[in-house]
Amino acid sequence: MKTGPRLQAQLLAQNAIFAILMVAAAFLVVYMAKDNKLQWDISQNKRGTLSKATQDVLAKMKGPINVTAYATAGADPALGDVRQVVHEFLTPYRLAKPDIALTFVDPREQPKQAQAAGIRANGELVIEYGKRSEHLTTLDEPTLANLLMRLARN
């Protein structure tokens, strides 16, 4: 079967349009995936999901929450990588309330700042909301939810 110049031009145009659409679709997928922060908790007992009560407390808190974690850099012989543990613990909270700011301070490198904050343990968190702040030494959801409720009260 012979193809004429007109048919060849049409095939070339179709292929070019197809290639352009494929590249545009790829860029669109990358753009959507970059800004999308979907997460599914497929664990049996929903360990990675915040309870409804905690989500309600976070929803009621208007304004930013500042969390300062006084944790040593690197692996602690007894606790492991404390900064990683704190970061993973706070990830669901930061997904539920994006204006939670997390700052790490190494108490060995800045002992005066840690002493001024009243830090007693590696991995201790100071959580500030409005003009109030409280310390958190136990990384579990009920303790943090109760602390956030106390901070949210006037």
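Everything numeric here is computed off the predicted structure, so don't read it as measured data.
Across Gly123 and Val82, no two heavy atoms sit closer than the pair CA-CG1, 3.5 Å. Shortest non-hydrogen contact noted between Ala73 and Asp106 is N-OD2, 3.2 Å. Heavy atoms only, all atoms of each residue included: Val57 and Ala145 are closest at CG1-O, 4.5 Å. Nearest heavy-atom pair, Val105 versus Arg83, reported as atom, atom and distance to 0.1 Å: C-NH2, 3.7 Å. Of all heavy-atom pairs spanning Ala69 and Val86, the tightest one is CB-CG1, 3.9 Å. Residues Met61 and Lys97 approach most closely at O-NZ, 2.7 Å, considering heavy atoms.
Gln55 places a side-chain N or O within 3.5 Å of a backbone atom of Leu50 that can act as its donor or acceptor partner. Panel note: side chain Arg132, backbone Ala152; no donor-acceptor pair is recorded below 3.5 Å. Side-chain atoms of Glu128 never come within 3.5 Å of backbone atoms of Ile65 as a donor-acceptor pair (strictly under, hydrogens ignored). At distances below 3.5 Å, not a single donor-acceptor pair connects side-chain atoms of Thr143 with backbone N or O atoms of Leu139.
To the nearest 0.5 Å, atom NZ of residue Lys131 and atom CG of residue Leu151 are 15.0 Å apart. Note: Leu148 CG to Glu141 CD = 10.0 Å, rounded to the nearest 0.5 Å. Considering CG of Asn146 and CE of Met149, their distance stands at 4.5 Å, rounded to 0.5 Å. With rounding to the nearest 0.5 Å, the separation of OG1 in Thr68 from CZ in Phe104 is 10.0 Å.
Using a 4.5 Å heavy-atom cutoff, the side chains of Val67 and Ile100 are in contact. Counting only heavy atoms from C-beta outward, the side chains of Leu144 and Phe89 approach each other to under 4.5 Å. With contacts defined as side-chain heavy-atom distances shorter than 4.5 Å, the pair Ile127/Glu134 does not qualify. For the pair Asn66 and Thr103, the minimum side-chain heavy-atom distance is 4.5 Å or more.
There is no side-chain donor-acceptor pair under 3.5 Å between Thr137 and Glu124.
Under the 4.5 Å side-chain heavy-atom criterion for ILVMFWY residues, no single connected hydrophobic cluster contains both Leu102 and Tyr70.
Ion pairing of Lys60 with Asp56 is absent here, as no side-chain N (NZ or NE/NH1/NH2) approaches a carboxylate O to less than 4.0 Å.
Within a 6.0 Å sphere centred on NE2 of His135, other residues, nucleotides and ligands contribute more than 12 heavy atoms.
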| request: Determine, step by step, whether Tyr93 and Leu58 satisfy the side chain to side chain contact (heavy atoms under 4.5 Å, CB included) criterion, reporting the C-alpha distance in whole Å, the side-chain angles of both residues, the deciding distance to 0.1 Å, and the verdict. | output: CA-CA 8 Å; Tyr93 296 89; Leu58 289 171; 3.9 Å; yes

| Thr72 vs Asn122, side chain to side chain donor-acceptor pair (under 3.5 Å): CA-CA, chis, key distance, verdict | CA-CA 7 Å; Thr72 55; Asn122 187 16; 3.1 Å; yes

Show me, pair by pair, the donor-acceptor contacts under 3.5 angstrom made by side chains of residues 8-16, not counting sequence neighbours?
from  : atom 1 : to    : atom 2 : distance (Å)
Gln8  : NE2    : Thr3  : OG1    : 3.3
Asn15 : ND2    : Leu11 : O      : 3.4

